[in-house]
Amino acid sequence: MFRIGCHISSAGGYLAMAKRAEALGANTFAFFTRNPRGGSAKPIEETDIAAFHAECARAGIDRLVAHAPYTLNPCAAKANVAEFARMAFSDDLQRMEHTPGQFYNFHPGSHVGQGIDAGIEKIAALLNEVLFPDMTTTVLLETMAGKGSEVGGRFEELRAIIDRVELTEHIGVCLDTCHIWDAGYDIAGDLDGVLSEFDRVIGLERLHAVHLNNSLNPCHKDRHAKLLDGCIPPEALVRVTRHPALAELPFILETPNDDAGYAQEIAWLRAAQN
Ligand code: FE
Ligand code: FE
Ligand code: ZN
């Protein structure tokens, strides 16, 4: 089954998200677990969750790819930023258990001058603090563009984090096409080569979701573009969605679109599957 969706606002609660996703033609979606730039999360209402599960079953939505807030930096140097990361990550993983068996995606973070190796150690240490044995969520490290001091611009860096995690069965990866293109992986010219590199370094069995975005400029800028509007040829993005190794994964659009734009891109990708 082709799973395609986009980012949905979580402001109206869970049921509203499922309805919105279905209205856009999506059968998977992403959402921020709390304000993407900030702090506290709204309490989860049991009646909302129950209605959400019924709506998802009816609409054929079976994959959620939650996104941690951007302000969550797992390898922060400042104590208060590190403390927020620990608190928010841990709280989010508890909240995710209301929707069992889904994905929680996060940015490995920026080492802000501490160096890649110190960053990797801090990210792994945080994961070892917040993961718990009977959790049902799979936590996904996102592949990054390598902007500034971002960790995760190379597959080897994600592998180094995974190697340091104790509850490794709860860890996977989310591949962002804009980010890896910006990081120098040629998904347009050599998709097979990039995926075999991913398999060699990390293992394709760790890959659980794809953020499908075009890129405004190469070179580590991390500026997302609409599918038809960036420097990755659109047919190369279609090839990503049709690659046999990725067939079962949820594809999430994080393109700069309003709802009408998302619905159009979803319909365009569905039509391109045949
Ligand atoms: Fe992201
Ligand atoms: Fe992304
Ligand atoms: Zn991005």
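Note that ligands are numbered from 1 as they come in the structure, with each ligand's atoms numbered from 1 the same way. Model, not experiment: these values are computed from the prediction.
With salt bridges taken as basic N to acidic carboxylate O contacts below 4.0 Å, none links Lys78 and Glu83.
The ring of His170 has its center no closer than 6.0 angstrom to the ring center of Phe132. Aromatic ring centres of Phe198 and Tyr185 lie farther apart than the 6.0 Å criterion allows.
Closer than 2.8 Å to the Zn ion (ligand 3) sit the protein N, O or S atoms His179 NE2, Asp222 OD1, His224 NE2. Excluding water, every protein N/O/S atom under 2.8 Å from the Fe ion (ligand 1) is given here by residue and atom: His67 NE2, His107 NE2, Glu142 OE1.
One finds the CE atom of Met135 at 9.0 Å from the CD atom of Gln94 (value rounded to the nearest 0.5 Å).
Each side chain to side chain donor-acceptor pair (under 3.5 Å) pair with one or both residues in residues 188-206, not counting sequence neighbours, appears once here: Thr168-Arg206, Asp192-His243, Glu197-Arg200.
Around the CZ atom of Arg95, the shell of radius 6.0 Å holds more than 12 heavy atoms that belong to other residues, nucleotides or ligands.
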Can I get a per-line list of side-chain donor-acceptor pairs under 3.5 Å for residues 12-25, giving both atom names and the distance, sequence neighbours left out?
unit_1 : atom_1 : unit_2 : atom_2 : d
Arg20  : NH1    : Asp259 : OD2    : 3.0
Glu22  : OE1    : Arg58  : NH2    : 2.9

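Taking the six-membered ring where tryptophan is involved, the planes of His211 and His67 are essentially parallel, since the angle between them stays under 30° and well short of 60°.
Side-chain atoms of His224 and Asp222 include a donor-acceptor pair closer than 3.5 Å.
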